[in-house]
Amino acid sequence: METEKFDNNNLPSNSKNFIEQIIEEDIKNNKNGGSVHTRFPPEPNGYLHIGHAKSIILNFGLAKKYNGLCNLRFDDTNPVKEDIEYIDSIKEDIKWLGFDWEDREYYASDYFEILYEYAEKLIKKEKAYVCDLSPDEISKQRGTVTTKGIESPYRNRSIEENLDLFRRMRNGEFEEGSCVLRAKIDMSHPNMLMRDPILYRIIKTSHHRTGDKWCIYPMYDFAHGQCDSIERITHSICTLEFEVHKQLYDWFVKELEIFAPQQIEFARLNLTYTVMSKRKLLELVENKYVNGWDDPRMPTICGLRRRGYTPESIKMFSDKIGVARRDNTIDVSLLEFCVREHLNKIAERRMAVLNPLKVVITNYPDNHIEELDAVNNPEDFEKGTRKIPFSRVIYIERDDFIENPPQHFFRLSPGNEVRLRYAYFIKCTDVIKDPTTGEIKEIHCTYDPASKGGNSPDGRKVKGTIHWVSANHCIEAEIRLYDRLFLSEFPEQVEEGHNYTDYLNPDSLKIIKAFAEPSLANVDINTRFQFERIGYFTADKDTMPGKPVFNRTVTLKDSWIRKK
RNA sequence: UGUCCGAUAGUGUAAUUGGCAACACGUCUGAUUUUGGUUCAGAAGAGUCCAGGUUCGAACCCUGGUCGGACAACCA
């Protein structure tokens, strides 16, 4: 019997998603000579998000799997919305994810001349005409999904007149909005996109790549499919909303008599507790709900990167969510699982106390300092050990001490013994409170000198192990505690009279000062750590020498908090 | 009152293409543990949107419904 191999998803590796099934069928039938050529076609008008990551991983992944190639192509057909800033960020994000388009970096604007030729070809075939109707009139005459449209009075201009008008459009003789080039298809077509769609419009804005060479620009629908065709894309993979457009693209391909790519649509990614539309993401940035596109609360790739996510964890996530055609909303907890899974293996451990409580070890000699050994990563002993200073006064986490503990609480409480990680067993003897407020100011403990390193020679066991830092040696670190951006699981499902921004989580960012072990004083930006018993943290780009700033990527799983 | 697409545990994705509905996350229980982390062992949870039909046999094929989504920018 054949042994099944398992991938990340633990599904048998011979289980294929529907796109792989189509491609394998095409290869079997020797379609396009059995070759596979995909592309990732972003518009440079925003930053990439985790949904784009799914598409990037799919397109580059498919090409790799079937020995093909994947192009990067910017669909830059609208100069008023697009910007070089976005091009740079998109390229950076794809590279960071680990994909390489080599020399195949293309732009729809590279093909403007060819596209223009295509347009003239349609005019000459009496399949396109210049229409002088106003935008408003065109919209009205298009009809609705249930009613037919009306033919434009300019629909039957002669080839010569259309050619002349279109050339004059190109020459800049007309004002923006005064006329457009339209395909001549069918104003009563059940598919609205087939009702004489606009092919070219006049935009007198300089383009980030072609400058002022053009004042007419092709619409996306007239560019996208033909660009795929020009690049000989065999499998043109896109999201479901473009399904209706396929009929139009096929019409262009047929009328223009050019190579026919095969379009395959899949369902876009949605995530709980966040929004994914470019428009909303832009609003969050512009209205300062977040601090820029790379704010660690954003589902953007640069946001996730700054948050501390690894490319590997995003790829693992992409594998696990699969590819299908039905609408889906993935629980963010799956994304969090993936990053914990990876970080557990690669992140070195450190100790940091986020909410300190002073502990005086009364039987420990004053002015004495010891250097204790701590393991850098128990999942990877090759990462070695480091020294941590220990002394009479330390800080522990305030949550790790309860004066009157509930059942099954096995951290510190009066009379209870716990282990200080990598140090000693300690026992609480006194609780010092503020006489007026009753707040616990500090606690006094005694330690067992024989338990050095964390084990007692008499074999005595303790239930709890807590982290700590030495008061005289620890450093101060700024910690940014990030949480989900929205309170609502489905912020895009807006109730009457509300806006999605009403569901923003006011506590999605808390900035605190923490005490950290001295080895954290100087860290390289983007280094990821696990702060033991707390979570995974990444050194933010705001880190300065001696002044580290850490972003919380994700907390550790906590089965105690659930028990409570 | 249109066209197209979709529907499988809470969430996703599978089911050798008509043959015992599986895997992951999540949830719960237990073991191990110098992180209440990790690891390990186990459990609960769907009878496949509904109703018919074809078939020895249907998640899969057919018919009719229901529900959800996409489409009416000189956006992509």
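RNA chain B is contacted by Ala324(A), Arg325(A), Arg326(A), Asp327(A), Asn328(A), Thr329(A), Ile330(A), Asp331(A), Ser333(A), Leu334(A), Phe337(A) of residues 324-342 of chain A, taking any non-hydrogen atom closer than 4.0 Å.
If you measure from atom OH of Tyr129(A) to atom C1' of C74(B), you get 13 Å, rounded to the nearest angstrom. Here A72(B) presents its C1' atom at 7 Å from CZ of Arg195(A), a figure rounded to the nearest Å.
For the side chain to side chain contact (heavy atoms under 4.5 Å, CB included) with Leu372(A), the qualifying choice from Lys387(A), Arg386(A), Arg421(A), Lys452(A) is Lys452(A), the only one to do so. A side chain to side chain contact (heavy atoms under 4.5 Å, CB included) with Leu122(A) is found for exactly one of Phe252(A), Tyr129(A), Phe166(A), namely Phe252(A).
Here Glu243(A) lies in heavy-atom contact (under 4.0 Å) with sugar-phosphate atoms only. His189(A) comes within 4.0 angstrom of no nucleic acid atom, judged by non-hydrogen atoms across all strands. Counting any heavy atom pair closer than 4.0 Å across all strands shown, Tyr424(A) reaches no nucleic acid atom. Tyr200(A) comes within 4.0 angstrom of nothing in the nucleic acid, heavy atoms only. Within the nucleic acid shown, Leu271(A) has no heavy atom closer than 4.0 Å to any nucleic acid atom. Within 4.0 Å of Thr147(A), counting heavy atoms only, lies no atom of the nucleic acid at all. Contact annotation for Asn191(A): no contact, since no heavy-atom pair falls under 4.0 Å across all strands. Among the atoms of the strands shown, base atoms are found under 4.0 Å from some heavy atom of Asn455(A). Val462(A) comes within 4.0 angstrom of nothing in the nucleic acid, heavy atoms only. Among the atoms of the strands shown, base atoms are found under 4.0 Å from some heavy atom of Glu379(A). Across all strands shown, Arg142(A) has heavy atoms under 4.0 Å from sugar-phosphate atoms exclusively, and none from any base. Residue Pro378(A) is in base contact, counting any heavy-atom pair closer than 4.0 Å across all strands shown. Across all strands shown, Phe410(A) has heavy atoms under 4.0 Å from base atoms, whether or not it also approaches the sugar-phosphate. At a threshold of 4.0 angstrom between heavy atoms, the contacts of Glu265(A) with the nucleic acid are absent.
When the salt bridge (charged side-chain N to carboxylate O under 4.0 Å, His left out) test is applied to Arg349(A), no partner is found at least two apart in sequence or on another chain. Among residues two or more places apart in sequence or in another chain, the ring pair (Phe, Tyr, Trp, His ring centres under 6.0 Å) test is passed with Tyr107(A) by Phe74(A). Under the side chain to side chain contact (heavy atoms under 4.5 Å, CB included) criterion, Pro356(A) pairs with Val353(A), Tyr395(A), Phe515(A), not counting sequence neighbours. Listed by chain and number, the residues in a side chain to side chain contact (heavy atoms under 4.5 Å, CB included) with Glu286(A) are Leu282(A) (sequence neighbours excluded). Legend: residues meeting side chain to side chain contact (heavy atoms under 4.5 Å, CB included) with Asp132(A), ordered by chain and number and at least two apart, are Val130(A), Tyr154(A), Arg157(A), Cys179(A). Applying the ring pair (Phe, Tyr, Trp, His ring centres under 6.0 Å) test to Tyr217(A) and every residue at least two apart in sequence or in another chain returns Phe112(A), His207(A). The side chain to side chain contact (heavy atoms under 4.5 Å, CB included) test applied to Thr272(A) returns Thr329(A), Asp331(A), Val332(A), Glu489(A), Phe490(A), not counting sequence neighbours.
Ring centroid separation for the pair Tyr47(A) and Tyr86(A) comes in under the 6.0 Å cut-off. Centroid-to-centroid, the aromatic rings of Phe486(A) and Tyr273(A) stay 6.0 Å apart or farther.
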Pull out every protein N or O sitting under 3.5 Å from an N or O of nucleotides 65-67 of chain B, one pair per line with the distance.
none

Return the polar atom pairs (N/O with N/O) between nucleotides 17-20 of chain B and the protein under 3.5 Å, or none.
from	atom 1	to	atom 2	distance (Å)
U17(B)	O4	Gln21(A)	OE1	2.8

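The side chain of Lys81(A) approaches A73(B) more closely than any other nucleotide in the set A70(B), A73(B), G37(B). In this structure, of C71(B), A76(B), U35(B), it is A76(B) that holds the atom nearest to the side chain of Glu82(A).
The aromatic rings of His245(A) and Tyr249(A) sit tilted relative to each other, their planes meeting at an angle between 30° and 60°. Using the six-membered ring where Trp is involved, Phe390(A) and Trp468(A) have ring planes that are perpendicular, over 60° apart on the 30 and 60° scheme.
The closest donor-acceptor contact from the side chain of Glu137(A) to the backbone of Ser134(A) lies under 3.5 Å.
One finds a side-chain N or O of Arg201(A) lying less than 4.0 angstrom from the OP1 or OP2 phosphate oxygen of C75(B). Contact check, Lys557(A) against G36(B): no side-chain N or O comes under 4.0 Å of OP1 or OP2. Regarding contacts with the backbone of A76(B), a side-chain N or O of Thr77(A) is found under 4.0 angstrom from either OP1 or OP2. In terms of phosphate contacts, Ser134(A) brings no side-chain nitrogen or oxygen within less than 4.0 Å of OP1 or OP2 of C74(B). Taking only side-chain nitrogens and oxygens, Ser559(A) comes nearer than 4.0 Å to OP1 or OP2 of G37(B).
Base orientation at G47(B) is syn, since its O4'-C1' glycosidic dihedral falls within 90° of 0. Regarding the sugar-base torsion, U35(B) falls in the anti class, its angle being beyond 90° of 0.
Applying the salt bridge (charged side-chain N to carboxylate O under 4.0 Å, His left out) definition to pairs two or more places apart or across chains, those involving residues 459-468 of chain A are Glu417(A)-Arg460(A), Asp448(A)-Arg460(A), Asp458(A)-Arg460(A).
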As a check on the pairing definition, encode RNA chain B in dot-bracket form, counting Watson-Crick and G-U wobble pairs whose two distances are under 3.5 Å, and using | for partners outside this strand. .((((((..((((.....[..)))).(((((.......))))).....(((((..]....))))))))))).....

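Using a 4.0 Å cut-off between a side-chain N of Lys or Arg and a carboxylate O of Asp or Glu, Arg350(A) and Glu532(A) do not qualify as a salt bridge.
Comparing the P positions of C4(B) and U63(B) gives a spacing of 13 Å, expressed to the nearest Å. Atom name P, nucleotides C62(B) and A58(B): the rounded distance is 16 Å, in whole Å.
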